[in-house]
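Here is the structure we will look at, set down as structure tokens.
One-based numbering along the sequence shown. Atoms within a ligand are numbered from 1 in the order they appear, just like the ligands themselves. Owing to the predicted nature of the structure, the values given are computational and were not obtained by experimental measurement.
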Amino acid sequence: MSTVVDRGLEGVVVGSTALSNVEGAIGCLTYRGYDIDDLAPNATYEEIVHLLLYGTLPNRHQLEVLKRELGSCRALPEPLVNAMQNVPKTAWPMEVVRTVTSGLGLFSPVNANGEHMSDVHTAIELIAKLPTIVAAWDRIRRELEPIAPRPDLSQAGNFLYMRTGKVPHAVEEDAIDTYFVLLADHSFNASTFAARVAASTRADMYASVTAALSTLQGDLHGGAATAAFRTLNEVKTPQNAEPYVRQVLERGQRIMGMGHREYKVRDPRARHLEAMAKALDSHVEGERWYETAHAIEEASRKVLQEKKPGNTIYANVDFYTAPVLADLGIPGDEFTCLFACGRIAGWTAHILEQLADNRLIRPQAAYDGPPTGPYVPIEQRSGNGVRG
Ligand code: COA
């Protein structure tokens, strides 16, 4: 019997969700029926957290309650901060964030069976604490003392405050807030799927989020923004964009931050991030990234169309993340951590959705190894890879 294998599960529907919908053919993303184009300029990240976790946009009272809860659980357990102080300063930020997030489980209460809660309050705790981990490591690796979180600031404002000790300019806070809104959820992307697979085994929320963080790390997923920033640094000026793109494609490599499994037109989040990158370039001092980023996207489209007529390629969410976060002074190797600080709302909402109607996720594989044969005793093994 022959089995059709969809490599990378492309086009395979593996479950259902009411949280978000990606319409790749028309470039549309919605969270619980609200278009990201409406949410990005109008809603705060806290409103999105409420929408994803509780199912509705909050009224003023609900929003205040949520903000109070987020503000009250931002601080990290002291032993985890001490442990971070002992990590080699060269550690990759995503490794630290993944490890410390997993460690949070060690300090969370357990029930009579020794199990952690995996409820909406655990979700809020994880959403609140993730930016604290990122900011604390940012300072510790620069030999600076971590700054305690402030309960009165927004998720975005508090994150920037914990990096510098200064309440950020409204333009900068808004930029991070919108970035978090844009990144909050994206249907069954690889990291969210990993979280749901872990949750489906009844692993707790700390373990499931750790699985998601591990999956986000790679540069075909959340690691692409860091890779896109490396590209920006190599290209440096708009004039270098086309020769660079030609070289990369000639070598059969990819332009990081370009292309998407689902979007056949431009990723709608890229449009918002591009506008932000353009606006921030004129707000901040120092290196300006937007023009170079735009030139790389244009060159990629042109060169790819020359090489494969009819094919086109667009920026995905990670591409313009690079100039936006660089303009805000975030180091390139922390970009994936920032992605996680936004996506944690989606991950936890998906875990809750999975648990509410759980069935173990356990797909099949088409076996293409050798046929079944007898066990070969060690004295009879040839050692040349041939059976027997
Ligand atoms: N640069 C150059 N060519 C690209 C490309 C890129 N960034 N992304 C896709 N392509 C090309 C592939 O080479 C392939 O060409 P081929 O059919 O001639 O072999 C074709 O487009 C399809 O690519 P494929 O890898 O099969 O698509 P996918 O759905 O598995 O890949 C990504 C999706 C995201 C993994 C892919 O676009 C990519 O590697 N992008 C760069 C990493 C990135 O930005 N990731 C973040 C995603 S949000």
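Under a 4.5 Å side-chain heavy-atom cut-off, the cluster of Ile, Leu, Val, Met, Phe, Trp and Tyr residues that includes Val110 has no other member.
A donor atom on one side chain and an acceptor atom on the other are not found under 3.5 Å apart for Glu173 and Tyr161. At a cut-off of 3.5 Å, with distance as the only test, a side-chain donor of Thr122 or Asp119 sits close to an acceptor on the other residue. Of the N and O atoms on the side chains of Thr192 and His350, not one donor lies less than 3.5 Å from an acceptor on the other residue.
Within 4.0 Å of ligand 1, contacts by protein heavy atoms are made from Asp219, Leu220, His221, Ala224, Leu249, Arg254, Ile255, Met256, Gly257, Met258, Gly259, His260, Arg261, Lys308, Ile313, Asn316, Asp318.
The shortest distance between side-chain heavy atoms of Phe159 and Ile330 falls below 4.5 Å.
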Exercise. Yes or no on salt bridge (Lys or Arg N to Asp or Glu O under 4.0 Å) for Glu274 and Lys278, after CA distance, side-chain angles and deciding distance?
Worked result: CA-CA 6 Å; Glu274 182 182 8; Lys278 202 170 178 180; over 6 Å; no

